[in-house]
Amino acid sequence: MVTTSESLSISVATPSDLQAIEPAWWRLLHHQQGLDYRGSERELKTQINSERVRRFLDSRVRQGRLLIARFEGELVGLCTFSPDGFILDAPIQVWEIADVWVEPHARRRGFATAMVRECEHECRMRGADEVRLTVYALNDEALGLYQSLGYDVTSYTLSRNVGSEN
Ligand SMILES: CC(C)(COP(=O)(O)OP(=O)(O)OC[C@H]1O[C@@H](n2cnc3c(N)ncnc32)[C@H](O)[C@@H]1OP(=O)(O)O)[C@@H](O)C(=O)NCCC(=O)NCCS
């Protein structure tokens, strides 16, 4: 566990944290839905999806690839990290950071900065030479965060609606 100040602690999550992590992850999803609409909360929060989310978070925790930030004991943030899906054996190892979330009432106090830095450290400890992440183009707060942390833009994701074509 890394304690960055008297009241803030950043640690690799354990199974006992899952109960607090799950609703926080859904709040992150709700936020991201404003940037990438894939259905209403009612449409998405089905039993099958809830089970998928639980399995996803559980596996990240068991792999030791989910960090949480607690302030005075309360869970205020989370993020995950994992190797990217590059299938070739390569001299440069790339890991990805994702699911970065800080509770609205805890923002602009440097918590995401501390979490992402710790995430980078965890990736490095597991052999990463480089970390990458994806941000929606309209997510100004996240772009501001990653810019302040020294991240560069290296790719664009393009999309086109084909659902209404026959
Ligand atoms: C993006 C997010 C994680 C930032 O968390 P945070 O704890 O407030 O970030 P920090 O306090 O570490 O901010 C560090 C820097 O990032 C930038 N930043 C943070 N929030 C910003 C905002 N709303 N607008 C512009 N820049 C912002 C600033 O440069 C800030 O430094 P400053 O406060 O000294 O100006 C948080 O707003 C969040 O959870 N948003 C919703 C989920 C999300 O978008 N996650 C990212 C997915 S890729």
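Starting from 1, each residue takes its place in the sequence as its number. As the structure lists them, so they are numbered: ligands from 1, and atoms in each ligand from 1.
- With Asp99 contributing its side chain and Thr80 its backbone, the two residues share no donor-acceptor pair below 3.5 Å.
- Between the side chains of Glu43 and Ser40, a donor-acceptor pair is found at a separation under 3.5 Å.
- Which parts of ligand 1 touch Ala142 is read off a 4.0 Å heavy-atom cut-off, strictly below it: atoms 1 (C), 46 (C).
- Nearest approach of Pro91 to Asp129, heavy atoms of both residues: O-OD2, 3.6 Å.
- Contact of the Val100 side chain with the Tyr146 side chain is registered, since non-hydrogen atoms from C-beta on lie closer than 4.5 Å.
- Ligand 1 is never approached by Tyr136 to a heavy-atom distance shorter than 4.0 Å.
- An N or O contact shorter than 3.5 Å links Thr113 to ligand 1 by distance.
- Near Val100, meaning under 4.0 Å from one of its heavy atoms, ligand 1 places the atoms 3 (C), 42 (C), 43 (C), 45 (N), 46 (C), 47 (C).
- When only modelled atom types and interatomic distance are considered, Ser11 and Ser9 share no side-chain donor-acceptor pair under 3.5 Å.
- Electrostatic pairing of Glu122 and Arg126 counts as a salt bridge here, judged by a charged N lying under 4.0 Å from a carboxylate O.
- What sits closest to atom 39 (O) of ligand 1 on the protein, heavy atoms only, is Val102 N, 2.8 Å.
- When hydrogens are left out, the protein atom nearest atom 36 (C) of ligand 1 is Arg107 NE, 3.5 Å; that is the closest non-hydrogen contact.
- Here is the list of ligand 1 atoms found below 4.0 Å of a heavy atom in Arg109: 11 (O).
- Atom 6 (P) of ligand 1 has its nearest heavy-atom neighbour, among Gly110, Gly34, Ala112, Cys79, in Ala112.
- If you look at Thr134 next to ligand 1, the close heavy atoms, those under 4.0 Å, all belong to the backbone.
- Residue contacts with ligand 1 leave out Met115, since none of its heavy atoms falls under 4.0 Å from the ligand.
- Ligand 1 places these atoms under 4.0 Å from at least one heavy atom of Ser148: 15 (C), 16 (O), 29 (O).
- The pair Glu51-Arg54 does not count as a salt bridge, with every side-chain nitrogen at least 4.0 angstrom from each carboxylate oxygen.
- Less than 4.0 angstrom separates atom 10 (P) of ligand 1 from at least one non-hydrogen atom of the protein.
- At a heavy-atom distance under 4.0 Å, only side-chain atoms of His31, from C-beta outward, approach ligand 1.
- Remark: Gln32 CD to Trp101 CH2 distance equals 8.5 Å, nearest 0.5 Å.
- Contact record, Pro83 with Arg65: CD-NH1, 3.4 Å, taken as the closest heavy-atom pair.
- Among Gln147, Arg108, Glu141, the residue whose heavy atom lies closest to atom 32 (P) of ligand 1 is Arg108.
- Given atom 44 (O) of ligand 1, the protein heavy atom at minimum distance is Asn139 ND2, 2.7 Å.
- Ser7 places no side-chain N or O within 3.5 Å of a backbone atom of Glu72 that could act as its donor or acceptor partner.
- A salt bridge links Arg70 to Asp17: at least one charged side-chain nitrogen sits closer than 4.0 Å to a carboxylate oxygen.
- The proximity of Leu145 to ligand 1, defined as any non-hydrogen pair under 4.0 Å, involves the side chain as well as the backbone.
- Per-residue contacts place Gly144 under 4.0 angstrom from the following atoms of ligand 1 (heavy atoms of the residue considered): 16 (O), 17 (C), 26 (N), 29 (O).
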